[in-house]
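In this text, all values refer to a predicted model and were calculated from it rather than measured experimentally. The analysis underlying the following values was restricted to heavy atoms, covering all of them including side chains, and did not include hydrogens, waters or symmetry mates.
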Amino acid sequence: MDKRVKWSWTSALVGAASVAAATAVIIAKPKDPVIDLISVDLTSFMVKFPSVEANLLLTVHARNPNFAPAHYYPTTVSIFYDGSLLGSADIAAGSQPPWSCQVLRLPARLDGVKLAHHASRFFSDVARREMVFDAAVDLAGDARVMWWHRKFKIHVDSRVTMDPIILDVVDQENKSQLEFSYMW
């Protein structure tokens, strides 16, 4: 009845390699970035007949939850009000380290003439102290770790509710979709 189990270094190494591979697959699974609008600041308001422009500074918090650094290309955020394109904000090319957070400051320009097309809705929203803006952006770039190279494209749709009097962010909902392709 005395059965001895024979120890095998080969079995131990295969088991350890399997655990390491499973851990790497779980960690390497790409996750969508988390993007939040922190604040909106009015930097200038220009009236040049017949146009009216408002320049804003959008402060955005971006988090990269992935193990690879992300290098992204320049792009433009489209800003909509009541379904119409109202303005845009530029995102410069840059990078973000793995598992990190960054605060981005994005200059934005809104067209007051386009807002005037929605004057009744605008004044109603100002009276309620609640305006809803939508924003959309496609951000492309690549992630690289040693010989592993992955191109990615992130589409983000945001709905931001603001107080138009004090330019305070009241509520926001962000949806992102990450697409990627492998390159060796």
Could you check if a side-chain atom of [X] sits within less than 4.5 angstrom of a side-chain atom of [Y], using non-hydrogen atoms only?
| X | Y | value |
| --- | --- | --- |
| E173 | T161 | no |
| V60 | I91 | no |
| D41 | L167 | no |
| S158 | L37 | no |

Would [X] end up clustered with [Y] when hydrophobic side chains under 4.5 Å apart are linked, directly or stepwise?
| X | Y | value |
| --- | --- | --- |
| L104 | V156 | yes |
| F80 | V52 | no |
| V113 | I79 | no |
| I165 | L58 | yes |

Inset, instruction - Please test I154 against Y72 for side chain to side chain contact (heavy atoms under 4.5 Å, CB included), starting from the C-alpha separation and ending with a verdict. - result: CA-CA 10 Å; I154 303 166; Y72 51 89; over 6 Å; no
If I take atom [atom1] from residue [X] and atom [atom2] from residue [Y], how far apart are they, to the nearest 0.5 angstrom?
| X | Y | atom1 | atom2 | result |
| --- | --- | --- | --- | --- |
| E53 | L110 | CD | CG | 9.5 Å |
| R105 | T43 | CZ | OG1 | 13.0 Å |
| L115 | S84 | CG | OG | 10.0 Å |
| H71 | Q96 | NE2 | CD | 11.0 Å |
| D82 | H118 | CG | NE2 | 5.0 Å |
| D163 | M131 | CG | CE | 10.5 Å |

Inset, instruction - May I ask you to list the residues sharing a hydrophobic cluster with V132, side-chain cutoff 4.5 Å, ordered by chain and number? - result: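 So far as hydrophobic clustering goes, V132 is joined with none.
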Legend entry - S88: partners by side chain to side chain contact (heavy atoms under 4.5 Å, CB included), with sequence neighbours left out: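 Here the qualifying residues are T76.
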Inset, instruction - State, without any angle test, whether N55 and S44 hold a side-chain donor-acceptor pair at a distance under 3.5 Å. - result: yes
Legend entry - Distance-only side-chain donor-acceptor flag, H155 / D138, under 3.5 Å: yes
Inset, instruction - Classify the ring geometry between F133 and Y81 as parallel (under 30°), tilted (30 to 60°) or perpendicular (over 60°). - result: tilted
Inset, instruction - Could you tell me how the ring of W99 sits relative to the ring of F67: parallel (under 30°), tilted (30 to 60°) or perpendicular (over 60°)? - result: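 Aromatic pair W99/F67 classed tilted.
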Legend entry - CA sep, side-chain torsions, deciding dist, call: D157, D134, side chain to side chain contact (heavy atoms under 4.5 Å, CB included): CA-CA 7 Å; D157 287 314; D134 294 310; over 6 Å; no
Legend entry - Test side chain to side chain contact (heavy atoms under 4.5 Å, CB included) applied to H61 and I38, I35, V34, the passing residue: I38
